[in-house]
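Count residues from 1 along the sequence.
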Amino acid sequence: MPTLSMDPVLGQEVPVASIDKELRKLWEADEARTNASLINLVTCSEETGSLRKNTEIIRHLTEQHACRAILVEFDRTVTEPSIHAWITAHCHLSEGKKSVCCEQIAFQFTGRVTGRFRNTVFAHLNSDLPLIFWWQGELTDVFTERLSSVIDRLVIDSAPWTDPVASFTKLREAVKASGDNLVVQDLAWTRTWQFRLSVAALFDEPVALDALGSIMSARIVHHPAHRSSALQLLAWIAVQAGWRTGLELDLAVARRNGGNQSFSFESPSGNAITVTVEADENSAPLGLLELTSPQAAVRVSREAGASHLVRESSVNGVTRSALGPADPDDDALLVGDQLSRGGKNSLYRKVVPRFLELLGS
């Protein structure tokens with residue numbers, strides 16, 4: 001029998017068949033620790049080294065979110081099938097007295113993994129708790145309907161997807177197969193949260209709200225890695241303001257705006273609206289949203305690395321500015337925000353069809 005080792009990050013290596021027994025030993029060894037768990041949180045990645053990176057993320061998430069964490073790393077470039085497992089606990093002091101701890105089980109799969117991955121993970125869930133799945137990277141063929149049908153909440157990040165249209169089609173089929181019970185939370189959408197709040201705050205004033213119907217142009221600046229967030233923000237504006245697709249060809253609008261990606265819309269009253277979406281290597285994930293009408297201009301901006309947004313409005317010659325919080329750049333903090341908010345994410349579902357139209361333009 002091979003000797004199982006202690007990993008300084010992942011914990012005690014254990015035989016897969018003995019995980020439950022070894023977890024019981026872990027808790028019996030220290031009566032001062034309390035095991036706490038409100039959700040099952042599974043992270044899946046095909047990136048080499050993801051187990052160690054995700055262990056650090058889980059360590060921070062468990063400070064606020066008690067869970068049973070199951071970490072999965074695939075290496076499908078290795079043909080020989082194997083499964084390795086480790087267990088550990090993340091403990092945090094409660095009121096400076098007793099340690100409150102969360103279990104972590106880490107799996108590393110090689111070879112053909114689909115069936116073993118699903119069965120192995122499901123066999124180690126806390127059965128009475130909701131299942132939140134954080135799928136990192138592309139939606140590969142490991143993500144199947146049989147898998148998605150038992151997930152309560154799916155966290156993804158569409159920003160790095162190489163073929164977002166195909167992946168969103170797969171995702172839409174999964175949601176439909178679940179009877180619309182699968183809640184999808186896209187980190188690309190989460191990155192627009194504070195921008196959306198800031199825009200809504202700027203239009204709180206009745207005078208600014210009156211100008212909303214006469215907007216003629218918009219400009220969005222984003223980092224090249226975050227085009228999805230920029231288009232989701234644009235889709236949100238179009239849906240909420242009731243903009244229809246314009247009659248002018250987007251290509252013609254782009255030529256007029258120096259070759260930047262551009263779109264044409266029409267307001268409910270028939271005004272033509274042109275929107276320019278610009279990628280800038282020096283931008284924050286979302287760097288600027290500017291809406292302009294003959295009477296008003298509103299602008300929300302963020303410098304790369306800044307922890308705040310700048311909100312500015314100019315309505316009938318009266319200018320105001322204020323600061324607001326920015327969304328975090330760190331994926332772990334974004335996931336923590338998602339876990340805190342919960343909900344059905346119905347606004348995201350409403351915006352996605354328009355986003356897909358823009359994505360295919």
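Between His124 and Ile87, the closest side-chain pair of non-hydrogen atoms is not below 4.5 Å. By the 4.5 Å heavy-atom criterion applied to side chains, Phe74 and Thr110 are not counted as neighbours. In this structure the side chain of Val42 never reaches within 4.5 angstrom of the side chain of Trp134, judged on heavy atoms. Residues Ser314 and Arg320 form no side-chain contact, since every pair of their non-hydrogen atoms from C-beta on lies 4.5 Å or further apart. The side-chain heavy atoms of Asp7 and Glu13, taken from C-beta on, include no pair separated by under 4.5 Å. Proximity of Phe107 to Leu71: side-chain heavy atoms (C-beta onward) are nowhere separated by under 4.5 Å. You'll find the side chain of Ser82 stays beyond 4.5 Å of the side chain of Gln108, heavy atoms only. Looking only at side-chain heavy atoms (C-beta outward), Leu187 and Ile156 stay at 4.5 Å or farther from each other.
Closest non-hydrogen pair, Val142 versus Leu147, comes out as O-CD2, 3.9 Å. Minimum heavy-atom separation, Ser158 to Ala188: OG-CB, 3.5 Å. Contact between Asp280 and Pro224 at its shortest, heavy atoms only, is O-CD, 3.4 Å.
Under the side-chain hydrogen bond (donor to acceptor under 3.5 Å, both in side chains) rule, His90 has a single partner from Glu63, His60, Gln104, Glu103, which is Gln104. Arg153 pairs with exactly one of Ile39, Ile132, Leu41 by the side-chain contact (heavy atoms from CB on, under 4.5 Å) rule, that one being Ile132.
Judged by the 6.0 Å distance and 45° axis criteria, Arg196 is positioned over the aromatic ring of Trp189.
Cys101 has its SG atom within less than 2.5 Å of the SG atom of Cys91.
Here CD of Gln185 is found 12.5 Å from CG of Asp157. Values are rounded to the nearest 0.5 Å. One distance of note links CG of Asn40 with CG of Asp152; it measures 9.0 Å at 0.5 Å rounding.
Linking Ile, Leu, Val, Met, Phe, Trp and Tyr residues whenever their side-chain heavy atoms come within less than 4.5 Å leaves Val175 and Val155 in two separate clusters.
Note: Phe133 and Trp135 have parallel aromatic rings, judged against thresholds of 30 and 60 degrees for the angle between ring planes.
In terms of modelled atom types and a separation under 3.5 Å, the side chain of Asn126 and the main chain of Leu129 share no donor-acceptor contact.
Between Thr62 and His92, the side chains place a donor N or O and an acceptor N or O closer than 3.5 Å (distance only, hydrogens not considered). Side-chain contact annotation: Gln136 with Asn54, donor-acceptor N/O pair under 3.5 Å present. Gln232 and Asp186 form a side-chain donor-acceptor contact under 3.5 Å, judged by distance and modelled atom types alone. Gln295 and Ser214 are linked by a side-chain donor-acceptor pair at a separation below 3.5 angstrom, with hydrogens and angles left out of the test. Side-chain contact of Arg311 with Ser198: a donor-acceptor pair under 3.5 Å is present, judged by distance alone.
Checked against the 6.0 Å centroid criterion, the rings of Trp161 and Phe168 qualify as a close aromatic pair. When ring centroids are compared, Phe109 and His84 stay outside the 6.0 Å threshold.
In Glu145, the CD atom is not crowded: 12 or fewer heavy atoms of neighbouring residues, nucleotides or ligands sit closer than 6.0 Å.
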Practice task
Determine, step by step, whether Gln261 and Thr276 satisfy the side-chain hydrogen bond (donor to acceptor under 3.5 Å, both in side chains) criterion, reporting the C-alpha distance in whole Å, the side-chain angles of both residues, the deciding distance to 0.1 Å, and the verdict.
Solution key: CA-CA 6 Å; Gln261 187 177 24; Thr276 304; over 6 Å; no
Exercise for the section: Take Leu289 and Leu233 through the side-chain contact (heavy atoms from CB on, under 4.5 Å) test and state the conclusion after the steps. Expected result: CA-CA 9 Å; Leu289 169 63; Leu233 182 62; 4.1 Å; yes
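Checked against salt bridge (Lys or Arg N to Asp or Glu O under 4.0 Å), Asp141 has the following partners two or more places apart in sequence or in another chain: Arg76.
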